[in-house]
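Each remark here refers to the structure printed beneath this line.
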Amino acid sequence: MGKTLFLEAEEEMRIRYSELKNSPPEFFEEIGKKLRAEIMPKAGVNYKIYLKEEPKLKADEEEIAKTFSLCPQCVSLLKAVIFKRDNKVWIRKVCPEHGEIEELYWGEYELYRKFKEWQFDGKGLLNSHVPLLALCPYNCGLCPRHKSHPALINLVATNRCDISCWYCFFYAKKAGYVYEPTLNHIRYMLKRARMLRPYPAIALQITGGEPTLREDLVDIVRIAKEEGYTHVQVNTHGIALAFNPKLALELREAGTNVIYMSFDGVTPYTNPKNHWEVPYALENLRKAGLGVVLVPTLIKGYNDHEMGDIIRFASKNMDIIRGVNIQPVSLTGRIPRKEREKMRITIPEVIAEIERQTNGQISKHDWYPVPSVASISRFVEAITGKPQLTLTTHFACGAATYVFKEGDELIPITRFIDVEGLLRFLNEKAEEIEKGRNKYIVMLELLYKLRKFVDLSKAPKRLRRKGRLLKHLYKIFIRHDYSSLGEFHYDSLFLGMMHFMDLYNYDVSRVQRCDIHYVMPDGREVPFCSFNVIPEFYRDKVQRVFSYTLKEWEKLSGKSIMQQKYKRNIRKLITGKPYKRHYASIIDLDAIPYEDHVMASKKFGVPVVED
């Protein structure tokens with residue numbers, strides 16, 4: 001590996017990536033070893049540490065916890081306090097250079113307290129990719145301090161995109177370079193991500209940019225399957241899938257398990273990104289037999305009033321839609337506090353809106369934090385003696401429930417299963433086995449008491465037939481047959497939410513427990529809220545090293561970055577049968593003038609063409 005491979009400037013290093021087109025996977029490990037220490041953030045150079053300033057509480061405030069956070073302007077490490085005021089949870093920090101910063105952390109204290117009871121810390125890693133050299137979050141890679149093994153690996157296949165969402169974390173034209181790793185480079189990254197123990201990663205999300213812009217996307221899915229990833233999902237706006245039924249079929253045949261598709265609302269006003277294309281994408285995915293999870297990015301005052309309709313839309317298409325995973329917006333860039341308050345929405349407020357908009361069919365009592373299910377993994381691990389995938393993310397990061405459809409009624413799982421009682425029972429039994437009790441006696445006890453946690457009279461009819469629900473639970477907990485877990489998913493609609501952080505509400509204790517990680521081109525594995533929230537240390541810094549200049553990429557590909565931008569034929573889309581069939585029962589199609597469709601698309605930045 002000659003020195004000529006590297007281009008060094010005063011403030012950055014770049015590789016002549018165009019020369020690595022045919023390099024084998026192991027070559028990228030050599031480069032990674034050389035670069036990792038050099039491109040890690042440096043104290044005093046990239047950031048400062050201010051631990052003398054203690055944020056003060058006022059008379060009407062009650063301390064909940066102390067933590068560390070970052071300054072939104074200089075990303076220095078600061079002491080922070082999480083506190084209660086007016087039945088809400090807030091975070092406050094003080095930067096000696098930029099003053100006091102206060103931000104809403106959680107919109108309701110009581111739900112925060114309930115969720116906190118379910119915190120379950122992981123065992124950490126038996127091995128790590130980087131040594132412990134700096135304080136969190138400046139040492140990500142993962143390091144020995146990290147408390148959770150990976151539950152989902154994100155692989156950025158490209159930073160190119162054919163639309164330009166204002167709230168997106170990144171895209172090529174804005175970045176000024178093209179990041180698009182070769183297939184051998186991707187194979188190296190996927191191998192590295194599966195090296196961590198005690199439980200290697202098995203779930204992968206191929207993301208971007210817009211991954212469907214890569215002509216070899218299907219090959220990436222195949223590589224992931226070859227490297228041992230049993231669950232592969234593609235994160236996309238779905239526009240390519242709307243016009244290319246062959247792509248949907250090829251992705252399914254290559255081993256894609258689900259499409260993770262943006263869906264910010266049911267009208268063109270709230271979802272100018274892909275409102276018109278979604279029905280056609282669903283049609284093609286339905287024909288291919290490839291399931292979908294809808295992913296709304298939620299912004300207060302913009303699209304939060306359509307949460308009920310989004311769930312209703314999903315419930316009417318449960319033959320192909322497996323879930324709705326809501327993401328309250330992460331506020332990037334320097335935004336004045338009053339502007340942040342207009343857009344900021346947190347998990348409790350989303351839950352309250354869903355309860356209101358579904359007329360109480362889905363209430364706040366139906367939701368549980370992500371680590372609540374760790375007791376299931378703990379129980380199975382105690383029975384089998386083998387490490388299990390355990391979701392040990394911070395309790396404030398996400399929430400979830402399952403709902404079943406009976407006619408027009410949505411029935412949450414909590415209405416017929418005592419979820420809390422069952423989870424606590426499993427945790428108790430796992431502890432008994434860990435302390436030496438005979439596991440077969442415990443399994444018999446579980447088999448005997450399983451019915452105690454189920455009220456079949458309130459369960460959907462199809463789960464009552466032939467004891468289907470109890471059979472599901474028996475196979476999952478007694479036989480550890482996870483095909484039954486898959487059947488359970490198909491019977492229900494998963495509702496989840498993940499609130500990724502930003503520099504205003506940043507909590508280091510959450511980052512240390514993150515189980516959604518990005519695999520980096522230098523072989524490191526970085527928590528989501530380090531990768532995207534501090535891009536100058538992780539995402540942008542490292543991708544730039546392994547990138548093409550725009551001119552290089554355009555010369556190699558024979559394509560233009562600007563010419564790849566999507567142009568929308570609205571008139572053709574809104575007159576098609578799939579559009580009318582999917583939306584007719586959700587919105588009044590005749591009430592939206594054609595001019596409003598056009599204006600919504602253009603305002604978002606997607607030009608409109610006529611036949």
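Being a predicted model, the structure only gives us computed values, none of them experimental. Sequence positions, counted from 1, serve as the residue numbers for this chain.
For Arg340 and Tyr504, the positive end sits near the middle of the six-membered ring, less than 6.0 Å away and at most 45° from its axis.
When atom types are taken as modelled, the side chain of Ser530 and the backbone of Cys140 share no donor-acceptor pair closer than 3.5 angstrom. Using a distance-only test at 3.5 Å, with no hydrogens or angles considered, no donor-acceptor pair links the side chain of Asp515 to the main chain of Ser148. Between the side chain of His149 and the backbone N or O of Thr390 there is at least one donor-acceptor pair closer than 3.5 Å. Counting only distance, with no hydrogens or angles, the side chain of His146 and the backbone of Cys514 share a donor-acceptor pair below 3.5 Å.
Each side chain to side chain donor-acceptor pair (under 3.5 Å) pair with one or both residues in residues 128-139, not counting sequence neighbours, appears once here: His129-Arg192. Contacts classified as side chain to side chain donor-acceptor pair (under 3.5 Å) and involving residues 64-76 (residues at least two apart or in different chains) are given here: Glu63-Lys66, Thr67-Asp507, Ser69-Lys93.
Residues meeting the side-chain contact (heavy atoms from CB on, under 4.5 Å) test with Leu51, sequence neighbours left out: Ile49, Phe68, Leu77, Lys79. Contacts of Val373 classified as side-chain contact (heavy atoms from CB on, under 4.5 Å), with partners at least two apart in sequence or in another chain: Ile376, Leu391. Residues passing the side-chain contact (heavy atoms from CB on, under 4.5 Å) test with Gln512 are Cys136, Arg145, Lys147, Val508, sequence neighbours excluded.
Classified by interplanar angle (parallel below 30°, tilted 30° to 60°, perpendicular above 60°), the ring pair Phe263/Phe313 is parallel. The aromatic rings of Tyr112 and Tyr105 stand perpendicular to each other, their planes meeting at an angle above 60°, with 30° marking the opposite boundary.
Lys338 and Glu341 are not joined by a salt bridge, as no carboxylate oxygen comes within less than 4.0 angstrom of a charged side-chain nitrogen. Checked for salt-bridge contact, Glu102 and Arg92 meet the test: a charged N lies under 4.0 Å from a carboxylate O. Salt bridge absent: Glu428 and Arg424 never bring a charged side-chain N and a carboxylate O closer than 4.0 Å. One finds no salt bridge joining Glu381 and Arg378 here, because no Lys/Arg side-chain nitrogen approaches an Asp/Glu carboxylate oxygen to under 4.0 Å.
In this structure, Lys123 places its NZ atom where only 12 or fewer heavy-atom neighbours from other residues, nucleotides or ligands lie under 6.0 Å away.
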ring-ring contact (aromatic ring centres under 6.0 Å, His included) for Phe395 and Phe120? Distances and angles first, verdict last. CA-CA 8 Å; Phe395 68 89; Phe120 188 103; over 10 Å; no
Audit row: Arg524, Tyr538, side-chain contact (heavy atoms from CB on, under 4.5 Å) steps and yes/no: CA-CA 10 Å; Arg524 283 180 291 156; Tyr538 297 108; 3.9 Å; yes
side-chain contact (heavy atoms from CB on, under 4.5 Å) between Tyr506 and Ile534, worked out: CA-CA 11 Å; Tyr506 206 81; Ile534 329 172; 3.9 Å; yes
Can you give the donor-acceptor pairs under 3.5 Å from side chains of residues 321-328 to other protein atoms, not counting sequence neighbours?
from   : atom 1 : to     : atom 2 : distance (Å)
Arg322 : NH1    : Asp319 : O      : 3.2
Asn325 : OD1    : Met497 : N      : 3.3
Asn325 : ND2    : Tyr260 : OH     : 2.7

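Shown are Lys84, Lys114, Arg113, Lys364; of these, the salt bridge (charged side-chain N to carboxylate O under 4.0 Å, His left out) with Glu108 is made only by Lys364.
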